[in-house]
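To start, the structure under review is shown below, and the notes come after it.
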Amino acid sequence: MFALIDVNGMYCACEQAFRPDLAGRPVVVLSNNDGAIVARNREAKALGLKMAEPYFKARPVLERNNVAVFSSNYTLYASMSARFASVVEALAPRTEIYSIDELFCDVRGLQTAMTFDAFGRQLRDEVQLQTTLTCGVGVAATKTLAKLCNHAAKTWPATGGVVALTERHRLEKLMHILPVEEVWGVGRRIGKSLNAMGVRTVLDLCRMDTRLARRQFSVVLERTIRELRGEICFGLEEDAEPKQQLVVSRSFGERVTQLQDMQQAVTGYAVRAAEKLRQEKRYVRVVSVFVRTSPYATGDIQYGNQATETLIVPSQDTRDIVEAAQRALSRIWRDGIRYAKAGVMLCDLRDRHAQLDLFSDNAMRSGSDSLMQTIDKINREGKSRIFYAGEGISPDFAMRRRLLSPSYMTSWKDIPVAVVR
DNA sequence: TCTGGGGTCCTAGGACCC
DNA sequence: TCTGGGGTCCTAGGACCC
């Protein structure tokens, strides 16, 4: 048996946790660069505000309805997420952190102590008490079914936010009323194709011939069908697999047209990527850079390209990664283009230096490890920051975040103060 | 003016090897 | 005249997730 616990409207709830004055008001959170709406609370959804709607288009509606608007504050959300996870982990020992607002638990054997329903309610109460966040709980025999139950818990308030289904006929009743697009792993494209084949409800999919599903789609859909039938195809992944690739990319606050600005941006992304790489305790062999214009700017010349550099020796030294990224950039840079976005990708990640070749002595930098450790340590402490000259100083293209809330959980100067009169 | 960022898995097809 | 079969590895692209 699996439980899926997820936080309702995570980003908005995090903002509201420190702003009790916003109770009852519609709240939305914007994507990076204040580009589009990526999170809405219940009140904002009721206004008809849609997911991924561009901010500038939604603005009149937001202003008319006195909606509280926030830039994304990932530092805050990540910190709240860690707290949420630790509350759940205290009550359910075998857990898998699936995303910033979701966890799976293996709850086998739990029913000897209490019902799944009672367990779900206890989890909800504890999370609410310790974090102010409200979550939904779904419990069933497979992850895919637990997801479906969780969806039901969020959709129907009468469930009290908890749906645990072990009996087949009750599951089938639920599958009969939900459209096939609600299934975990069925997106827009496959949903459309399925509909055209007459597969409309989740139950239709559950009864679909698995060989046909495999032939027409892929083994992924076949597994999904098996999961709907109660056969476990996706197990609990308690220890996160090491990452296979790592990406740092951003849209620019203002279009970039000068090579020097692009070099600064790419250096900054490469620096950040190298920091993440060292956090993961991995080494990179392949560094790649991409640049592109905005697909929405129909009047502009459209251009996008990507270049890859392979390091002789896998590295986690920022200087190697910045150098490789700059070499890649110089191969794809074109003048006279209004760039909207760029990114650095680290691929072919490894545990440590693989087999060293004959020339490795020349390629390795001496003292690299201790230098990087020292820089990381200083930057983590947050008293000051060591940065690379190539990143530039407060560049024009920096991300727009005009409506950023304080880092209530992670910055001394932002800690909320309660005044007692 | 203004439209997010970071991942995974699978498949098809080409290059290459013996 | 006639030009194999089986395998691996890599890459690009598509689909999905949050």
Side-chain angles (χ1 to χ4, degrees), chain A residues 4 6-11 28-39 50-60 62 69-74 77-78 81 96-104 143-144 147 150-151 180-194 213-224 233-234 237 240-255 269 272-273 276-277 280 285-286 288 290 292-300 306 308 310 338 340-349 396-397 399-403:
Chain A
L4 174 68
D6 85 333
V7 178
N8 299 348
M10 170 82 175
Y11 295 175
V28 301
V29 174
L30 304 176
S31 62
N32 273 337
N33 246 332
D34 297 344
I37 295 174
V38 291
K50 284 198 289 288
M51 186 72 174
E53 182 148 345
Y55 177 42
F56 73 96
K57 279 190 189 165
R59 221 161 156 168
L62 297 170
V69 183
F70 292 95
S71 302
S72 285
N73 186 343
Y74 285 103
Y77 313 149
S81 174
E96 169 191 340
I97 296 175
Y98 182 67
S99 77
I100 195 161
D101 70 341
E102 276 176 76
L103 307 149
F104 284 105
K143 282 179 161 182
T144 304
K147 270 268 195 188
N150 178 278
H151 174 79
V180 71
E181 290 85 354
E182 293 303 337
V183 175
W184 187 41
V186 175
R188 268 222 325 273
R189 286 296 284 272
I190 291 177
K192 217 174 145 190
S193 305
L194 285 171
R214 188 169 191 147
R215 195 157 13 96
Q216 293 263 305
F217 299 92
S218 75
V219 66
V220 184
L221 192 68
E222 179 187 350
R223 288 187 191 133
T224 298
C233 299
F234 309 121
E237 291 167 21
E241 293 290 307
K243 277 199 203 335
Q244 299 183 35
Q245 62 171 38
L246 199 158
V247 182
V248 175
S249 76
R250 297 274 181 283
S251 298
F252 302 124
E254 278 174 29
R255 298 279 189 263
Y269 303 159
R272 182 70 197 110
K276 285 163 108 179
L277 185 69
E280 297 273 323
R285 208 174 70 91
V286 172
S288 103
F290 71 88
R292 68 165 174 79
T293 51
S294 165
Y296 304 101
T298 45
D300 287 3
Q306 173 173 353
T308 295
T310 302
R338 300 181 70 235
K341 184 173 179 176
V344 170
M345 272 184 280
L346 308 186
C347 315
D348 196 353
L349 306 188
D396 294 338
F397 55 79
M399 194 159 69
R400 245 193 329 268
R401 290 161 92 185
R402 298 209 178 103
L403 305 161

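Computed from a predicted model, the values in this text were never measured in an experiment. We use all heavy atoms of the structure for the numbers below, so side chains are in, but hydrogens, waters and symmetry mates are not. The sequence lines fix the lettering, A, B, ..., with proteins before strands; numbering per chain opens at 1.
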Look at all strands and tell whether A:I190 reaches a base, only sugar-phosphate, or nothing, counting heavy atoms closer than 4.0 Å. sugar-phosphate

Name the residue closer to the 5' end of DNA chain B, choosing between A:N32 and A:V220 according to the nucleotide with the nearest heavy atom. A:N32

A:T310 side chain near A:R285 side chain, heavy-atom distance below 4.5 Å: yes

With a non-hydrogen cut-off below 4.0 angstrom, is A:Y296 in contact with a base, only sugar-phosphate, or nothing? base

Taking the C1' atom in each of B:dC17 and C:dG4, what is the distance between them to the nearest angstrom? 14 Å

Scan A:L30 against the nucleic acid and name what it touches under 4.0 Å (heavy atoms): base, sugar-phosphate only, or nothing. nothing

Side-chain donor-acceptor contact under 3.5 Å, A:S72 with A:N32: no

Calculate the interatomic distance between A:E53 atom CD and B:dC2 atom P; express it in whole Å. 17 Å

Name the nucleic acid region contacted by A:K192, choosing base, sugar-phosphate or nothing; use a 4.0 angstrom heavy-atom cut-off, strictly under. nothing

Between B:dT1 (P) and A:D300 (CG): distance, integer Å: 12 Å

Quick one: pull up CD in A:Q244 and CG in A:L349 and give me the separation to the nearest 0.5 Å. 8.5 Å

Does B:dC2 have OP1 or OP2 sitting under 4.0 Å from an N or O in the side chain of A:R255? yes

Whole-Å gap separating P (B:dG6) and CD1 (A:I100): 13 Å

Does A:R223 reach a base, just sugar-phosphate, or nothing at all? Heavy atoms under 4.0 Å. sugar-phosphate

What is the nucleic acid contact for A:R188, judged by heavy atoms within less than 4.0 Å: base, sugar-phosphate only, or nothing? sugar-phosphate

Report yes if at least one side-chain N or O of A:S31 is closer than 4.0 Å to OP1 or OP2 of B:dT3; otherwise report no. no

Within less than 4.0 Å of OP1 or OP2 of B:dG6, is there a side-chain N or O belonging to A:K243? no

Stem regions touching DNA chain C, defined by at least 3 consecutive Watson-Crick or wobble G-U pairs below 3.5 angstrom: B:5-18 with C:5-18

Rounded to the nearest Å, what distance is computed from the CZ atom of residue A:R214 to the P atom of nucleotide B:dA12? 11 Å

